[in-house]
Amino acid sequence: MRGLQATGPRPTATSCGCVKPALETGNLLTEPIGYLESCFSAKNGTPRQPSICSLSRARLRIRKSIFNNPEHSLMGLDQFSHVWILFVFHKNGHLSCKAKVQPPRLNGAKTGVFATRSPHRPNAIGLTLAKLEKVEGGAVYLSGIDMIEGTPVLDIKPYIADYDSPQRLMEPLRDFNLPGAQHKPETEFWCGGMTDDCDQQQLPGCDEPQPDSSTEEKPKGPEDRTPEEKHREHDTAEILNSPRNQGERAAGLGLESGRGQSWSAVEEAIGSRHLEESSSEEGTEKRPRAGQEAEILQGVSGETQPGALRHPAGAAPEARHSVVPSWVREAPVPTLGVRFTPHAEMDLAHLSSDVSQSVFRYFRSAEEAKRAIEAVLAADPRSVYRRKLCRDRLFYFTVDTAHVTCWFGDGFAEVLRIRHASEPV
Ligand SMILES: C[S@@+](CC[C@H](N)C(=O)[O-])C[C@H]1O[C@@H](n2cnc3c(N)ncnc32)[C@H](O)[C@@H]1O
């Protein structure tokens, strides 16, 4: 990579007067790897967390000024279903932030900024888990995003359930993912995965599990798999990991016959390693459980590469649970019912039938646009201020090319008009 290395980290003077390289003092000269093209043009109406609106789409093109051949930097990324996106909240407006903030889900109550996902933080860095739809040349196509158009992106990292989700553990049985590699117990973990801990919403693709069609067939290596297959495997993993199916799965993976191991033997083997791992993490996992904390036994949804075995049942409880304050999942702010006036329905039909201009850039149909609008509004995108002090004001937002006008009543949002974003309002 050029640029940063060419100039090198700049030294920084510390309070004691010593001069240290900038990185050692935590000063990082960042350069966006790209600027997001998003279906949300402004903050208003943009979901507060990824996956609230699974149809929210974006494209990120890696800049040639970062890598001469951007596609090289994305090699292998298509083997993952989800990616972390690190970005700058570039539209925060001002750099000041408060130690205590009022997240909308707390409806006015305060909590420490570091206990929230507020955009207003000492370093305006955002972190989003997005679904990776595809990689094409030097660009990644994402969905389930909560960033606006033009957001400077600092980094992309693959989401790996083993590392990123405390309740998930996988034991690789066959390392066909690594070209030419043999099974490497204990040291190599490899899996795609999905979760969403932000808003109790399922990530796209999790709700229609597919039957485990072929346990006999030798699984394809990742290089052979299409993104659709990749996501289907993820769905399959959900079924496979249900306790009901563990036995079948073990059989399917050749544990009982092919490898001469019973499910319980495997479970025991993994369980003991699991215990070792979780005990080394005790400090972080075992927190006092105050009354207002919700202990969530997370779903078993997760993406598993064929040949990898997740350990769903015999895990130590602390590794299968993660703890969040109850307001994250049982917010005092209710989910809203969403309705469209006949006029808004007509607008949408009219918008999508307009042949004179390209209708949607990110949505594939009027139906998708409608579902996205519903998802955005159901999560009540209003600020606490608006919710409390401007209750009867109209609310506007733009998603893709649809400019939406709506209002909120008790427990519902109603869409009044949908116009093309280029039309004067
Ligand atoms: C609550 S933040 C959460 C972002 C990320 N998932 C996180 O946890 O860091 C999401 C909100 O940030 C705002 N936002 C998105 N992109 C932004 C940007 N580039 N600059 C400033 N605010 C942005 C939108 O209002 C969106 O609803």
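Just the heavy atoms: all of them, side chains too, but no hydrogens, waters or symmetry mates, feed the values below.
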Donor-acceptor check, side chain of [X] to backbone of [Y], threshold 3.5 angstrom: yes or no?
X      : Y      : value
Asp380 : Arg382 : yes
Asn27  : Leu23  : no
Glu423 : Arg419 : no
Thr341 : Val415 : yes
Asp400 : Cys39  : no
Ser353 : Ala349 : yes
Thr46  : Ile148 : no
Arg61  : Gly138 : no
Thr398 : Ser41  : no

NZ/NE/NH1/NH2 to OD/OE distance under 4.0 Å, Glu149 and Lys43: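 So Glu149 does not pair with Lys43 through a salt bridge.
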
Test: Asp347 and Arg417 ion pair at under 4.0 Å: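 So Asp347 pairs with Arg417 through a salt bridge.
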
Ile156/Trp84 under side-chain contact (heavy atoms from CB on, under 4.5 Å): CA gap, chis, key distance, verdict: CA-CA 6 Å; Ile156 305 172; Trp84 294 111; over 6 Å; no

I'd like to check the salt bridge (Lys or Arg N to Asp or Glu O under 4.0 Å) partners of [X]; sequence neighbours left out, ordered by chain and number.
X      : value
Lys157 : Asp155
Arg339 : Glu414
Arg393 : none

Check [X] against [Y] and note the closest heavy-atom contact, atom names and distance.
X      : Y      : result
Phe114 : Pro122 : CZ-CG, 3.7 Å
Pro104 : Val333 : O-CG2, 3.2 Å
Ile145 : Pro47  : O-CG, 4.0 Å

Listed by chain and number, what are the side-chain hydrogen bond (donor to acceptor under 3.5 Å, both in side chains) partners of [X], not counting sequence neighbours?
X      : value
Asp410 : Arg391
Asn107 : Arg387
Tyr141 : Arg59
Ser38  : none

Between Asp146 and Thr128, a side-chain donor and acceptor under 3.5 Å: yes

Between Ser118 and His120: side-chain donor-acceptor atoms closer than 3.5 Å: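 Side chains of Ser118 and His120: no pair found under 3.5 Å.
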
Close aromatic pair by centroid cut-off 6.0 Å: Phe408 and Phe395: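 Judged by ring-centre distance (under 6.0 Å), Phe408 and Phe395 do meet the cut-off.
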
Close aromatic pair by centroid cut-off 6.0 Å: Phe412 and Trp407: yes

Residue pair Tyr362, Phe360: steps toward the ring-ring contact (aromatic ring centres under 6.0 Å, His included) verdict: CA-CA 6 Å; Tyr362 297 92; Phe360 298 117; over 10 Å; no

Parallel, tilted or perpendicular, as decided by the 30° and 60° cut-offs, for the rings of Tyr396 and His403: parallel

With Val135 via side chain to side chain contact (heavy atoms under 4.5 Å, CB included) - residues at least two apart: Leu74, Leu77, Asp78, Leu132, Val140

Sequence-distant partners of Thr111, side chain to side chain contact (heavy atoms under 4.5 Å, CB included), two or more places apart: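 Checked Thr111 against side chain to side chain contact (heavy atoms under 4.5 Å, CB included); matches are Pro103, Leu106, Ala115, Thr116, Trp327.
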
Under 3.5 Å, sequence neighbours excluded: what are the donor-acceptor pairs made by side chains of residues 95-102?
{"unit_1": "Ser96", "atom_1": "OG", "unit_2": "His94", "atom_2": "ND1", "d": "3.1"}
{"unit_1": "Gln102", "atom_1": "NE2", "unit_2": "Gly108", "atom_2": "O", "d": "2.8"}

Residue pairs fulfilling ring pair (Phe, Tyr, Trp, His ring centres under 6.0 Å) with at least one residue in residues 328-350, sequence neighbours excluded: none

Atom pairs and distances, donor-acceptor, side-chain atoms in residues 369-379, under 3.5 Å, two or more places apart:
{"unit_1": "Lys370", "atom_1": "NZ", "unit_2": "Glu345", "atom_2": "OE1", "d": "3.3"}
{"unit_1": "Lys370", "atom_1": "NZ", "unit_2": "Glu345", "atom_2": "OE2", "d": "3.1"}

